[in-house]
Amino acid sequence: DVKVTQSSRYLVKRTGEKVFLECVQDMDHENMFWYRQDPGLGLRLIYFSYDVKMKEKGDIPEGYSVSREKKERFSLILESASTNQTSMYLCASSYLSGRAYNEQFFGPGTRLTVL
Amino acid sequence: EDKVVQSPLSLVVHEGDTVTLNCSYEVTNFRSLLWYKQEKKAPTFLFMLTSSGIEKKSGRLSSILDKKELFSILNITATQTGDSAIYLCAVEARGGAQKLVFGQGTRLTINP
């Protein structure tokens, strides 16, 4: 079974803190993604990566950065957390496009609260 | 700008009812449309649709795509309380590293 794990299920941080969210997948997937999920807005893509050390901005990258030093691991960094970054953060992974059946597999999510 | 709109946003029905969830989209260079089910944690994959008019089926769930009218429906027959979840629709455009654009989701509640 494909497994995508995230370092924390729940996290509470203070405004201005630096926050690291970690994601690890065990399927040798090339693509990895970070989304945030807010009520009424669905999932919105923050950043994605299609290879080690490669990163691409998604639809809402402001206030976030990412790191992919190893193929299986993709980190989301909030340099200075703010209250409007309180959200559910979901990591996903998939094979490179071109395969016939190529869905994204999701981790369980990290619910981040910034006070 | 690529866009996916789901309706209704919320639906409450009784066990045994049949439900239809809708997903319309506007995307440049459409590649595929995906449906996911999200209970308390990770969204889990249901269907991927790439061709118009071909129904995908899995047990009581089925889905079909209309590429001319730019929409998809997800049907659930004989609903059960375990079908209660958020159902997510997403569209993939051609090119690039498989970026998905998601709709807002439909929250489905099945009452016993």
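Letters A, B, ... mirror the listed sequences (proteins, then strands); counts begin at 1.
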Less than 4.5 Å to any heavy atom of chain B: does that hold for the side chain of A:R111, its backbone, both, or neither?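 Looking at A:R111, nothing touches chain B.
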
Check each atom of A:D59 against the heavy atoms of chain B and say whether the ones under 4.5 Å are side chain, backbone, both or neither.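 When you check distances to chain B, only side chain atoms of A:D59 fall under 4.5 Å.
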
Tell me, do [X] and [Y] make a side-chain contact under 4.5 Å, heavy atoms counted?
X     : Y      : answer
B:Y36 : A:E103 : yes
A:Q37 : B:F102 : no
A:R44 : B:V101 : no
A:L41 : B:Q104 : no
A:Y35 : B:L100 : yes

Given that the side chain runs from C-beta out, which part of B:Q38 has a heavy atom under 4.5 Å from chain A: side chain, backbone, both or neither?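 The answer is the side chain of B:Q38.
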
Counting only heavy atoms closer than 4.5 Å, note whether B:L34 contacts chain A via side chain, backbone, both or neither.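 For B:L34, side-chain heavy atoms alone lie under 4.5 Å from chain A.
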
Using every non-hydrogen atom in the two residues, find where A:F106 and B:A42 come nearest and quote the distance to one decimal.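 Looks like O-CB, 3.5 Å.
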
Between A:G109, A:G42, A:G58, who has the most heavy-atom pairs with chain B when the cutoff is under 4.5 Å?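 Top count of heavy-atom pairs under 4.5 Å with chain B: A:G42.
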
More than 12 foreign heavy atoms under 6.0 Å from NZ of A:K57: is that the case here?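 Incorrect, the count does not exceed 12.
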
